[in-house]
Amino acid sequence: MSTKRERQMVIEKSEQILERTIKQTDPEFYRAFSNMLHDYIMLTNPRKSIDDQNDLRGLIRLMAEAVNHANPVKTYTTGELARIFGVSVQAINKWIDEGRFLGYKREGKNRHNRIPENISFVMRTGEVVPVYEVVVMYDRQNERHEVTGLNPEQQQSAVLDEISRFMRKYGGTYEMTLGTKAERTIHEDRDASIWLMLLDELRKMNEA
């Protein structure tokens, strides 16, 4: 990871290197690169306010600020993910090879792979959820089961109750409500992730 000193150096030299060379010699590339960097910053930091997306210096400064204030990214071993997803380590490795952990590639059979929490996972339904949302759901389920000591039948009933709660909240099934909503709020995104995990868990219970 870059150091704070390196990020500051990039900010200071961006005017000399980018503004006085690339902008003058290839303005079309400069504009395209600025637009792409702008889009990336807005996707990863939607609360950032960018006045001029063609100001590459300002974009680089914003990117450095985002890194400076970022929290360390937690990673999970394939064994930890296997426990969280309720599958075998072999299944996790298969999902990695199939590309279901978007952007992550397995480093080899004998290497200890660690999957970052901000990696997105493609569920069987085709929906994409961040790994950290799966972990939140897992922790929530564990807390409920530990407190109440539920047996398998009671666990299934509890999952159905949670699904019913979401159905009442949004006035229909997932497919009829959040599943078809093009633009969702952050809160709705979180509910959608949890709802999908509940549906996936119920599906696995029925298949068992």
Side-chain angles (χ1 to χ4, degrees), residues 1-2 7 32-48 50 53 59-60 62-142 159 163 166 173-175 177-204 207:
M1 188 174 180
S2 62
R7 294 191 288 275
F33 184 67
S34 298
N35 288 339
M36 186 177 69
L37 187 57
H38 166 269
D39 293 344
Y40 178 78
I41 293 173
M42 292 305 296
L43 284 170
T44 54
N45 294 274
R47 293 183 177 84
K48 287 289 184 183
I50 300 177
Q53 70 182 60
L59 293 172
I60 289 174
L62 279 175
M63 185 170 60
E65 289 175 357
V67 175
N68 286 337
H69 294 94
N71 294 321
V73 177
K74 184 177 177 60
T75 60
Y76 297 91
T77 66
T78 51
E80 289 172 329
L81 285 183
R83 184 174 66 254
I84 290 168
F85 280 87
V87 298
S88 66
V89 173
Q90 289 77 12
I92 296 294
N93 286 326
K94 182 183 178 185
W95 291 349
I96 293 173
D97 293 339
E98 291 174 347
R100 292 181 66 182
F101 290 96
L102 298 180
Y104 185 83
K105 291 186 178 180
R106 196 147 56 102
E107 298 179 4
K109 293 182 179 179
N110 298 320
R111 299 291 297 275
H112 294 290
N113 290 271
R114 299 194 69 89
I115 292 85
E117 64 178 348
N118 55 0
I119 286 284
S120 293
F121 175 71
V122 182
M123 302 182 68
R124 286 182 290 180
T125 59
E127 292 282 343
V128 178
V129 296
V131 167
Y132 67 79
E133 289 285 5
V134 181
V135 175
V136 167
M137 184 61 202
Y138 171 79
D139 291 340
R140 183 175 176 180
Q141 290 287 81
N142 269 355
V159 169
I163 293 173
F166 280 121
T173 65
Y174 175 82
E175 291 77 12
T177 57
L178 295 183
T180 58
K181 193 171 183 179
E183 295 184 6
R184 298 189 299 224
T185 66
I186 294 175
H187 181 73
E188 287 173 337
D189 272 336
R190 186 175 184 84
D191 277 356
S193 298
I194 296 174
W195 199 346
L196 281 170
M197 288 303 302
L198 287 166
L199 292 170
D200 208 43
E201 184 175 354
L202 181 62
R203 191 177 297 109
K204 286 188 290 186
E207 291 172 354

Sequence neighbours left out, what passes side-chain hydrogen bond (donor to acceptor under 3.5 Å, both in side chains) with [X]? Give chain and number order.
| X | answer |
| --- | --- |
| Y104 | N113 |
| T173 | none |
| N118 | none |

| Who are the salt bridge (Lys or Arg N to Asp or Glu O under 4.0 Å) partners of K181, not counting sequence neighbours? |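 In terms of salt bridge (Lys or Arg N to Asp or Glu O under 4.0 Å), with neighbours along the sequence ignored, K181 is linked to E188.
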| said: Quick one, I84 and V131 - any side-chain contact, counting heavy atoms below 4.5 Å? | reply: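 The answer is no, as the side chains (C-beta and beyond) never meet within the 4.5 Å cut-off.
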Rounded to the nearest 0.5 Å, how far does [atom2] of [Y] lie from [atom1] of [X]?
| X | Y | atom1 | atom2 | value |
| --- | --- | --- | --- | --- |
| T77 | I92 | OG1 | CD1 | 9.5 Å |
| L196 | E201 | CG | CD | 13.0 Å |
| E117 | E133 | CD | CD | 10.5 Å |

| request: Identify the two heavy atoms, one from V89 and one from A82, that lie closest to each other, and give their separation to 0.1 Å. | output: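 Residues V89 and A82, closest heavy atoms: N-CB, 3.8 Å.
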| query | If you look at every heavy atom in R114 and T75, which pair is closest and at what distance? | reply |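 What the structure gives for the nearest pair is NE-OG1, 2.8 Å.
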| query | Residues in side-chain contact (heavy atoms from CB on, under 4.5 Å) with K94, at least two apart? | reply |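 In terms of side-chain contact (heavy atoms from CB on, under 4.5 Å), with neighbours along the sequence ignored, K94 is linked to E98.
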| query | Which residues pass the side-chain contact (heavy atoms from CB on, under 4.5 Å) test with L202, sequence neighbours left out? | reply |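 If we apply the side-chain contact (heavy atoms from CB on, under 4.5 Å) test to L202, skipping adjacent residues, the hits are Q156, V159, L160, I163, N206.
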| Would you call the rings of W195 and Y174 parallel, tilted or perpendicular if under 30° counts as parallel and over 60° as perpendicular? |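 Judged by the thresholds at 30° and 60°, the geometry between W195 and Y174 is perpendicular.
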| Between T78 and I96, is a side chain to side chain contact (heavy atoms under 4.5 Å, CB included) present by the stated rule, with each step listed? | CA-CA 10 Å; T78 51; I96 293 173; 4.2 Å; yes
| query | Would F166 and L178 count as a side chain to side chain contact (heavy atoms under 4.5 Å, CB included) if you check the C-alpha gap in whole Å, the side-chain angles of each, and the deciding distance to 0.1 Å? | reply | CA-CA 10 Å; F166 280 121; L178 295 183; over 6 Å; no
| request: Starting from the C-alpha separation in whole Å, work towards a yes-or-no answer on side chain to side chain contact (heavy atoms under 4.5 Å, CB included) for Y76 and V135. | output: CA-CA 10 Å; Y76 297 91; V135 175; 3.5 Å; yes
| query | Donor-acceptor pair, R100 side chain versus F121 backbone, under 3.5 Å? | reply |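 The answer is no, because no donor-acceptor pair under 3.5 Å joins these two groups.
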